[in-house]
Amino acid sequence: MPNSPLILSGKEVSLAVKSDLKNRILELKEKGIAPGLTAVLVGEDPASQVYVRSKERQSAKLGFNSNVLRLDKGTSQAELLDVVKQLNDDPSVHGILVQLPLPKHIDSQLIIESIDPAKDVDGFHPVSVGKLVLDLDGFVSCTPAGILEIMKFYKIETAGKHVVVVGRSNIVGKPMANLMIQKKDLGNATVTLVHTRTPDMGLHTRQADILIAAAGVPEFITADMVRDGAVVIDVGINRVEDDSTEKGYRLVGDVDFSAVSKKCAAITPVPGGVGPMTIAMLLSNTVKSAENSLN
Ligand code: GUN
């Protein structure tokens, strides 16, 4: 019997999340507030341009006061700090997002730390990260927060399960591992975090009830690294050359989908899996920030 895993559609979950936001946005509107999100894009990285356009379009569609500041790639660090300061001081802006990666002459960490933590809807500021680690209410990085929503939607239990996270990035791996160990229903997991310096990674990934792949390497997770019946969450969005397509590339995840889907119980596709959740959670964090501004 060929295995047909449950496909975890982030596309569908993201629509549900955005639909839930609509009522909260209406309530804010009655109080004279439109959630304000400003994205700052420095330079012309093609993938970043696509993401920022999508953030702009989706937030405008929900009635946000949505802006994108497109700055020249030669913008200095001092100029960018000044832009962030102005946004920090602007009460109509509830969320500030500086799109990464930034050009090499700019210290990304310094820029992240210049954002008012109350407007840190990306959840990258040390205050936000600290709150996550301490189980305090704050902004959680959008991709891991989106994975939690997928788990909630599909009733994937994590308590008592072994979750293996592949990748130790500040944006995904570290916050994901922290979410999974929280003393909450969607948490209470035993977590292993593996990374580029882990010898025999498969030894660990094969133990996973839930495998979260955030390695940033196309089709890195092969079938032999996955245990039968595992739940597989693929965070990767990699462009690989493909001359047979109109654009000259196609998107693949960090998981070898065709092989892994033959043995797992559930899996997120690429595209249409984790990807759409990231923007949905950014919108959710911005609505939360606008609500917080009332208190
Ligand atoms: N670059 C890749 N992902 C992200 C993200 O979630 N936020 C920002 N600001 N930049 C990114």
Side-chain angles (χ1 to χ4, degrees), residues 1-14 47 143-144 146-169 171-177 179-181 186 189-245 247 249-278:
M1 268 273 287
N3 180 55
S4 54
L6 174 65
I7 300 296
L8 307 169
S9 169
K11 180 104 193 47
E12 192 176 338
V13 184
S14 72
T143 301
I147 292 170
L148 231 53
E149 290 295 325
I150 290 176
M151 291 171 165
K152 207 187 290 175
F153 187 92
Y154 287 101
K155 301 188 168 52
I156 294 167
E157 292 186 3
T158 58
K161 297 290 166 63
H162 187 182
V163 175
V164 178
V165 179
V166 182
R168 55 179 156 183
S169 71
I171 299 185
V172 183
K174 285 182 201 167
M176 193 71 232
L179 283 168
M180 290 288 96
I181 57 172
L186 257 179
T190 303
V191 173
T192 301
L193 192 152
V194 299
H195 49 75
T196 43
R197 299 296 292 271
T198 303
D200 197 356
M201 204 181 280
L203 187 72
H204 303 283
T205 59
R206 277 188 291 277
Q207 308 295 316
D209 300 310
I210 300 172
L211 180 61
I212 302 177
V217 180
E219 298 178 323
F220 180 71
I221 301 294
T222 47
D224 60 300
M225 295 171 78
V226 180
R227 128 164 158 196
D228 284 330
V231 172
V232 179
I233 308 283
D234 188 351
V235 181
I237 304 177
N238 309 289
R239 289 184 182 195
V240 296
E241 265 187 54
D242 186 343
D243 292 338
S244 72
T245 67
K247 291 177 175 164
Y249 69 86
R250 66 194 158 86
L251 294 180
V252 301
D254 287 356
V255 176
D256 178 356
F257 184 90
S258 64
V260 170
S261 62
K262 290 189 174 78
K263 66 192 297 195
C264 65
I267 186 165
T268 59
V270 177
V274 174
M277 293 309 299
T278 301

Worked check of side-chain contact (heavy atoms from CB on, under 4.5 Å) between Phe257 and Lys262: CA-CA 8 Å; Phe257 184 90; Lys262 290 189 174 78; over 6 Å; no
Minimum heavy-atom distance [X]-[Y], with the two atoms named:
X	Y	value
Cys264	Pro5	O-CB, 3.4 Å
Arg206	Val226	CG-N, 4.2 Å
Ala208	Val164	CB-CG2, 3.5 Å
Ala214	Val172	CB-CG1, 3.6 Å
Thr222	Val260	C-CG2, 3.9 Å
Gly273	Ile150	O-CD1, 4.1 Å

Report, one line per pair, each donor and acceptor closer than 3.5 Å where one atom sits in a side chain of residues 228-235; sequence neighbours left out.
| residue | atom | partner | partner atom | Å |
| --- | --- | --- | --- | --- |
| Asp234 | OD1 | Gly236 | N | 3.0 |
| Asp234 | OD1 | Asp254 | N | 2.7 |
| Asp234 | OD2 | Asp254 | N | 3.3 |
| Asp234 | OD2 | Val255 | N | 3.2 |

If you measure from [atom1] on [X] to [atom2] on [Y], what distance do you get to the nearest 0.5 Å?
X	Y	atom1	atom2	answer
Ile156	Asp209	CD1	CG	12.0 Å
Leu193	Lys174	CG	NZ	9.5 Å
Ile147	Lys152	CD1	NZ	13.5 Å
Thr143	Ile212	OG1	CD1	11.5 Å
Glu12	Ile7	CD	CD1	12.0 Å
Lys161	Met151	NZ	CE	10.0 Å

Heavy-atom distance under 4.5 Å between the side chains of [X] and [Y], does that happen here?
X	Y	result
Phe153	Met277	no
Val194	Arg168	no
Val270	Val252	no

Other residues, nucleotides, ligands: >12 heavy atoms within 6.0 Å of Lys263 NZ: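 More than 12 heavy atoms, drawn from other residues, nucleotides or ligands, come within 6.0 Å of this atom.
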Partner residues of Arg250 under the side-chain hydrogen bond (donor to acceptor under 3.5 Å, both in side chains) criterion, sequence neighbours left out: Asp242
side-chain contact (heavy atoms from CB on, under 4.5 Å) against Pro175, all qualifying residues, sequence neighbours excluded: Leu132, Ser141, Pro144
Tyr154 (side chain) donor-acceptor with Val13 (main chain) under 3.5 angstrom: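 Checking the backbone N and O of Val13 against the side chain of Tyr154, no donor-acceptor pair under 3.5 Å is found.
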side-chain contact (heavy atoms from CB on, under 4.5 Å) assessment of Tyr249 paired with Val240: CA-CA 5 Å; Tyr249 69 86; Val240 296; over 6 Å; no
side-chain contact (heavy atoms from CB on, under 4.5 Å) evaluation trace for Val166 with Ile221: CA-CA 9 Å; Val166 182; Ile221 301 294; 4.1 Å; yes
Check: Thr192/His162 side-chain N/O donor and acceptor closer than 3.5 Å: yes
side-chain contact (heavy atoms from CB on, under 4.5 Å) assessment of Thr198 paired with His204: CA-CA 9 Å; Thr198 303; His204 303 283; 3.7 Å; yes
